[in-house]
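Lettering follows sequence order; numbering is per chain, from 1. Just the heavy atoms: all of them, side chains too, but no hydrogens, waters or symmetry mates, feed the values below.
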Number of protein chains: 2
Amino acid sequence: MTVKRDPAQDDCSIQRTLDVIGDRWTLLILRDVFRGVRRFSQIQSDLGIAKNLLTDRLAALVASGVVEKVPYQDRPVRHEYRLTDKGRALSPALVALMRWGDEWCGDGDAPTELVHTPCDTRLELQPWCVVCNEPVAPTSISSRPGPGRHLDQETAHAAT
Amino acid sequence: MTVKRDPAQDDCSIQRTLDVIGDRWTLLILRDVFRGVRRFSQIQSDLGIAKNLLTDRLAALVASGVVEKVPYQDRPVRHEYRLTDKGRALSPALVALMRWGDEWCGDGDAPTELVHTPCDTRLELQPWCVVCNEPVAPTSISSRPGPGRHLDQETAHAAT
DNA sequence: GGGGTTGGTTGCGAATCGCAACCGACCCCT
DNA sequence: AGGGGTCGGTTGCGATTCGCAACCAACCCC
């Protein structure tokens, strides 16, 4: 699962993220868990993933603290996989990926839309600057070295 | 690249998204392109990816319209890979994944932080409801079948 | 002509995947 | 007690994909 990489790349959060969830199945598994599909056999039949792979992926997710395995009944003991706080924090990323698929990969119509429950409006996801109180266009994002280490260049995030 | 899947899953935008970018290298390549690393050899040495794989991935990205190959000089003709609108639209997703890695996968300190250029503040990414004008917690997101087809259930997106 | 750079292609061994078969713990039913 | 079913796996094996190294072709400059 881990990609052999240039040591300089250890500093990239996207790299670190993909080490955890950057596998062909893992995000789909997490999508299921978000949707309430939490049991081994449910996920397996929903995704059509091979059981050995599902075993591996779930174990890796538990090991990295994204989901936890909790019993939901005794006699017989059965477990389900639940999101931890770390896992729940992936929600924005999943929403963003889903919205992108809606808009750019489908026939234009969203097969499922996300709704902000309190006001019942369809949810868009956009970077939002709380200071300026406005949406953030890719072209007005730049990056700079953060508190974590190293000599990086200041680079535009999305110049053309 | 394409996962064999239950026909019912064709309707999932996350599935469709992952068919395009859900590979171990593709998002890293796109991260580089966002950062301004756009030439074959630059990407190759930056990521340490094998050249044949990079060739494949770039061709796939061009085929799916996420990046385009444009000449940046004649004599000799050299090309670079640039984001299309479709590719630029992935920005929120990349930002979300990066922020998650910052917060949950590192030593706590972001190696690189994203900045909203106009106001020079660090960028957070959160689903934001434009109607309520407030951030959206995972627990107040639900999903419903959209205009695109099929019989889905109304399910909570992130009930614990 | 020689050497360098860019952007590839080809071939091959090694790792990973997908599928099918099997398993063991536990339940219920007769 | 025995038979059958479900859940959550494990094991083994052929097929696919990956990673690496070697080679290559076009073009530049000296």
Side-chain angles (χ1 to χ4, degrees), chain A residues 1-9 15 18-30 32-33 36-64 67-82, chain B residues 1-9 15 18-30 32-33 36-64 67-82:
Chain A
M1 167 97 80
T2 299
V3 169
K4 188 165 107 183
R5 55 178 180 266
D6 187 313
Q9 294 308 317
Q15 174 75 70
L18 294 180
D19 284 344
V20 178
I21 54 149
D23 152 273
R24 197 152 64 262
W25 290 109
T26 303
L27 273 179
L28 290 173
I29 294 168
L30 288 173
D32 271 11
V33 176
V37 180
R38 303 202 172 88
R39 278 138 79 166
F40 188 94
S41 57
Q42 288 179 326
I43 300 173
Q44 199 258 320
S45 66
D46 184 56
L47 296 181
I49 183 179
K51 294 162 127 198
N52 52 351
L53 293 190
L54 182 54
T55 303
D56 287 353
R57 297 300 175 269
L58 285 171
L61 285 173
V62 169
S64 56
V67 301
E68 56 190 350
K69 188 176 181 174
V70 297
Y72 64 90
Q73 68 170 37
D74 302 330
R75 335 250 323 273
V77 189
R78 295 269 185 260
H79 298 272
E80 64 179 11
Y81 296 89
R82 293 207 192 142
Chain B
M1 169 95 82
T2 298
V3 169
K4 188 166 106 182
R5 53 178 180 264
D6 187 314
Q9 294 307 316
Q15 173 76 67
L18 293 181
D19 283 345
V20 179
I21 55 149
D23 151 272
R24 196 153 65 264
W25 289 109
T26 303
L27 273 178
L28 291 173
I29 294 168
L30 288 173
D32 271 10
V33 177
V37 181
R38 302 199 174 89
R39 279 138 78 166
F40 187 93
S41 58
Q42 288 179 328
I43 300 173
Q44 199 258 320
S45 67
D46 184 56
L47 296 180
I49 182 179
K51 293 161 129 202
N52 52 351
L53 293 190
L54 182 54
T55 303
D56 287 353
R57 297 301 175 268
L58 285 171
L61 285 173
V62 169
S64 56
V67 301
E68 55 190 351
K69 188 176 182 176
V70 297
Y72 64 90
Q73 68 171 36
D74 303 329
R75 335 252 325 263
V77 189
R78 295 271 184 259
H79 298 271
E80 64 180 12
Y81 296 89
R82 293 208 192 140

Quiz item: Considering only C:dG18, C:dC27, C:dG7, which nucleotide approaches the side chain of A:Pro76 most closely?
Solution: C:dC27
Would you mind reading off the distance between [X] atom [atom1] and [N] atom [atom2], rounded to a whole angstrom?
| X | N | atom1 | atom2 | answer |
| --- | --- | --- | --- | --- |
| B:Gln73 | D:dC29 | CD | C1' | 14 Å |
| B:Leu54 | D:dA21 | CG | P | 17 Å |
| B:Asp46 | C:dT6 | CG | C1' | 17 Å |
| A:Glu80 | D:dG8 | CD | C1' | 14 Å |
| A:Arg38 | D:dG8 | CZ | P | 14 Å |
| A:Gln44 | C:dC17 | CD | P | 16 Å |
| A:Trp25 | D:dT17 | CH2 | C1' | 15 Å |
| A:Ile49 | C:dC17 | CD1 | P | 9 Å |

Give a yes/no on whether any side-chain N or O of [X] is located under 4.0 angstrom from OP1 or OP2 of [N].
| X | N | result |
| --- | --- | --- |
| A:Thr55 | D:dG9 | no |
| B:Arg57 | C:dG8 | no |
| A:Arg24 | D:dC18 | no |
| B:Lys69 | C:dG8 | yes |

Quiz item: Between the base of D:dG12 and the side chain of A:Asn52, is there any donor-acceptor pair under 3.5 Å?
Solution: yes
Heavy-atom check, side chain of [X] versus side chain of [Y], under 4.5 Å:
| X | Y | value |
| --- | --- | --- |
| A:Leu30 | A:Val67 | yes |
| A:Leu18 | B:Trp25 | no |
| B:Tyr81 | B:Leu61 | no |

Self-check item: Most 5' of B:Gln42 and A:Asp56 on DNA chain C, judged by nearest nucleotide
Solution: B:Gln42
Quiz item: When the nearest nucleotide of DNA chain C is assigned to B:Tyr81 and to A:Leu53 on a heavy-atom basis, which residue is associated with the more 5' position?
Solution: B:Tyr81
Exercise. Mark yes or no for whether A:Glu80, through its side chain, and A:Val70, through its backbone, hold a donor-acceptor pair below 3.5 Å.
Key: no
Quiz item: Should B:Asp23 and A:Arg24 count as an ion pair when the cut-off is N to O under 4.0 Å?
Solution: no
